[in-house]
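Scroll down for the structure; my scribbles are underneath it.
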Amino acid sequence: MHQGSGALCSAVRVRRLYTPTMIDATSRTGDIARWSNMLIPTTREAPADAETPSHIFMARAGFIRKVTAGVYAYLPLGYRVLRKVEQIVREEMDAAGCCELLLPALMPLELLKPTGRDEAYGELLFRLDDRHGRGQFLGPTHEEVITDILQTSVSSYKALPLTVYQIQTKYRDEFRPRAGLLRCREFIMKDAYSFHLDVEGPGGLNETYDRLYQAYTSIFTRCGLDFSVVEAESGPIGGSASHEFMVNCENGEDTILFCPESGYAANVEKCEIGTRPAPAEGWFVGEPTGELEEVHTPDCPAIEDVSRLLKVKPDCMLKTVVFKVVPRNEEEAKAYPGDWWVVACVRGDHEVNEGKVRDLSECQLELADADEARAAGFEIGFVSPRAAIGKDQTLLIVDPDAAVGFDEAKGKPKFWVTGADRKDYHIKHFNWQRDLGKDPVAALAERDCKFMVGSIRNAEAGDPSPRAEGAVLQARRGIEVGHIFKLGDKYSKAMGFEILDADQKRVPVIMGCYGIGVSRTVAACVEQSCDDDGIIWPAPIAPFHVIMTLIKPDERILSVADDVARELARCGLDVLIDDREERPGVKFKDADLVGMPVRVTIGAKALADGNVEIKHRRDKGKGELVPVAEAAGRCQALLAM
RNA sequence: CAGGGUGUAGCUCAGCUUGGUAGAGCGCGUGGUUUGGGUCCACGAGGUCGCCGGUUCGAAUCCGGCCACCCUGACCA
């Protein structure tokens with residue numbers, strides 16, 4: 001848990017906010033391009049595999065082209081957006097005191113041996129053999145290389161703290177790439193790594209972590225995104241504290257939960273649940289609902305199957321999941337010989353959260369292999385909490401929502417269905433006190449070390465907030481665009497990266513790592529900002545700020561267009577002149593599709609009075625008539641809105 | 001990885017059940033027409049029907065194998 005940054009830990013939901021000064025912050029001269037000179041293959045129809053708005057529109061508008069599953073070419077307009085996002089990332093990273101470098105994408109497999117990530121990454125890792133038969137891989141992230149480089153180039157504590165970053169193509173052989181740029185096998189990522197002597201204090205990890213938290217907030221704000229920051233699990237990269245930056249979007253793959261009272265927000269994997277008080281009668285207390293009855297449930301290992309077959313709601317069922325203890329080191333393996341098990345029991349409509357089971361049991365766990373568990377007496381698919389009773393090396397944890405014998409809402413004893421611990425059978429009228437095989441109330445009272453009640457399920461909307469009395473969690477979907485981690489000494493220890501401190505003591509270096517999915521951010525922008533006609537780019541990352549639609553591009557009109565474009569460019573605006581010999585309707589449709597924030601229409605009629613038409617992409621209709629001389633100013637004003 | 005589905009023109013798809021050597025719309029080219037929200041008309045170019053094998057006089061179509069792509073799910077049994 002990240003300590004000491006108070007407000008930073010709470011959810012920050014940032015409104016779309018960008019100002020004109022951001023557009024021409026560098027006071028550079030804008031670009032001018034003619035459509036006829038560019039590759040912008042717009043289409044009326046989307047590719048059959050495109051389903052989400054960002055995928056459909058970026059394909060139709062000619063920003064990207066699929067080359068193979070999860071691999072895309074960035075066409076000129078797409079590449080311009082990508083570069084603009086990259087530039088924002090660069091500016092903010094540099095401002096936060098980080099320095100840019102470029103690591104290789106292709107690396108030797110041996111590099112992952114010390115941290116064991118060649119195994120840990122498994123199938124996700126893109127592997128290949130070179131002509132000499134040496135194992136190579138394409139980098140999914142770069143902790144090992146950068147640690148290796150720093151190890152051989154930084155030998156004094158005086159060089160720390162240090163934060164380096166790169167913007168690189170990453171490779172992950174996803175099970176299932178999907179949704180265009182949102183989940184790719186090849187994608188662009190900014191990854192940063194920081195190195196410290198300490199966690200706390202000046203120059204420590206926390207200081208950099210907080211600074212990059214702020215930098216990320218600036219980056220996504222400048223990109224025009226509506227996003228939330230949530231507490232997160234650190235996942236396969238490992239480490240302690242971690243925050244995710246989530247674009248708020250219904251199409252997102254991640255579920256986040258937040259407390260409207262306290263501002264607490266977390267990924268569903270991580271989200272804590274507020275106290276769920278014991279029933280008035282106490283845990284497990286309640287009369288049986290009937291005789292214990294065994295029912296034949298062939299081929300129904302899943303809750304859903306049984307629920308359908310027996311016409312029993314999942315919230316009247318107990319789901320029992322078996323984990324095997326994995327010794328964390330040789331000491332543990334020696335202290336606890338043989339197989340140890342943790343049995344987690346939750347209500348049928350809930351999901352077991354492995355992280356919570358791990359924390360409560362204080363053991364490293366993995367889901368038990370079905371055959372192995374059967375051999376140990378757990379009839380996987382038909383397990384009940386009874387299976388944990390009477391076994392020596394087995395801990396049973398029951399979630400509060402499952403640990404009830406009396407249904408307070410209905411005012412009568414709780415009816416339970418659970419496995420019969422025998423293939424193809426379940427039991428009805430399970431009663432904790434009568435049928436468990438030991439007295440759960442007494443076991444709790446005497447603090448039986450093999451039995452406990454604890455919060456071990458994923459949080460859901462409607463659960464009590466862990467941070468505000470009486471408040472209730474709400475759910476929202478999001479797209480993860482940034483993730484920051486405190487790694488601690490995980491990598492430096494594994495790779496033996498130690499350094500002499502001021503007291504001449506060898507200490508492992510403390511690390512942090514910080515990622516931004518650059519290409520995913522581009523897609524997330526489209527998800528969040530489009531309408532039926534196409535994309536509506538936020539000005540700071542639009543491929544061009546202005547599209548100039550020429551109704552009939554004859555010499556005179558072209559000359560006026562060039563003049564206006566030069567003036568706009570002088571103000572720092574990028575201009576795309578649609579000079580194609582196309583019907584006006586086609587050009588208007590394409591202008592809406594590609595989504596430049598401002599359109600300047602130049603036609604003979606308005607021009608006769610010295611006017612052009614200017615409108616924002618969000619506004620319908622023809623736009624307002626503006627004298628040619630005032631066009632640049634009007635465009636800037638619109639972009640600032 | 002499991003389950004389902006699809007591969008036919010640059011794109012979106014029909015044709016396959018019931019075998020006879022391939023179609024539409026969009027796009028593309030030429031000519032005309034039109035010129036402020038995907039004009040209209042005519043003519044035209046473009047396909048080893050994913051690959052390999054089998055059945056057959058004959059296969060886009062039937063059978064087998066492979067490959068690619070897509071959807072759903074996914075350590076919760």
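All values below come from the heavy atoms of this structure, side chains included, with hydrogens, waters and symmetry mates left out. Chain naming here is simple, since letters A, B, ... match the order of the sequence lines and numbering starts at 1 in each.
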At under 4.0 Å between heavy atoms, what does [X] touch on the DNA or RNA strands: base, sugar-phosphate, or nothing?
X: A/Gly621; result: base
X: A/Arg599; result: base
X: A/Arg347; result: nothing
X: A/Val383; result: nothing

Is [X] close enough to [N] that one of its side-chain N or O atoms is under 4.0 Å from OP1 or OP2 there?
X: A/Lys587; N: B/U35; value: no
X: A/Arg583; N: B/G36; value: no
X: A/Thr68; N: B/A68; value: no

With both distances under 3.5 Å as the test, what is the Watson-Crick or G-U wobble partner of [N]?
N: B/U6; value: B/A68
N: B/G37; value: none
N: B/C43; value: B/G29

Kindly assign one of parallel, tilted or perpendicular to the pair A/His429 and A/Phe415, based on the angle between their ring planes and the thresholds 30° and 60°.
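Plane angle over 60°, so perpendicular.
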
Parallel, tilted or perpendicular: which fits the ring planes of A/Tyr425 and A/His296, with parallel below 30° and perpendicular above 60°?
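Taking A/His296 first and then A/Tyr425, their aromatic rings sit tilted (interplane angle of 30° to 60°).
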
I'd like a list of close polar pairs between nucleotides 72-75 of chain B and the protein, N/O only, cut-off under 3.5 Å.
unit_1	atom_1	unit_2	atom_2	d
B/U72	OP2	A/Arg176	NH1	2.8
B/U72	OP2	A/Arg176	NH2	2.5
B/C75	N3	A/Glu354	OE1	2.6
B/C75	N4	A/Glu354	OE1	2.6

Is the closest basic N to carboxylate O distance between A/Lys620 and A/Asp531 below 4.0 Å?
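Yes.
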
Will you find, in the side chains of A/Ser36 and A/Arg34, an N or O donor that is under 3.5 Å from an N or O acceptor?
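Result is no, nothing qualifies.
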
Flag for A/Thr255-A/Arg477: side-chain donor and acceptor within less than 3.5 Å:
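Side chains of A/Arg477 and A/Thr255: pair found under 3.5 Å.
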
Can a donor-acceptor pair under 3.5 Å be found between the side-chain atoms of A/Arg60 and the base atoms of B/G38?
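Indeed there is one.
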
If you draw the axis of the six-membered ring of A/Phe187, does the NZ or CZ of A/Arg520 fall within 45° of it and under 6.0 Å from the ring centre?
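No, A/Arg520 does not lie over the aromatic ring of A/Phe187.
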
A/Glu45 has a side chain; which of B/C70, B/G37, B/G25 sits nearest to it?
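Between B/C70, B/G37, B/G25, the one nearest the side chain of A/Glu45 would be B/G25.
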
A/Asp49 side chain: which of B/C70, B/A77, B/U35 is closest?
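Nearest to the side-chain atoms of A/Asp49, counting from C-beta on, is B/C70.
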
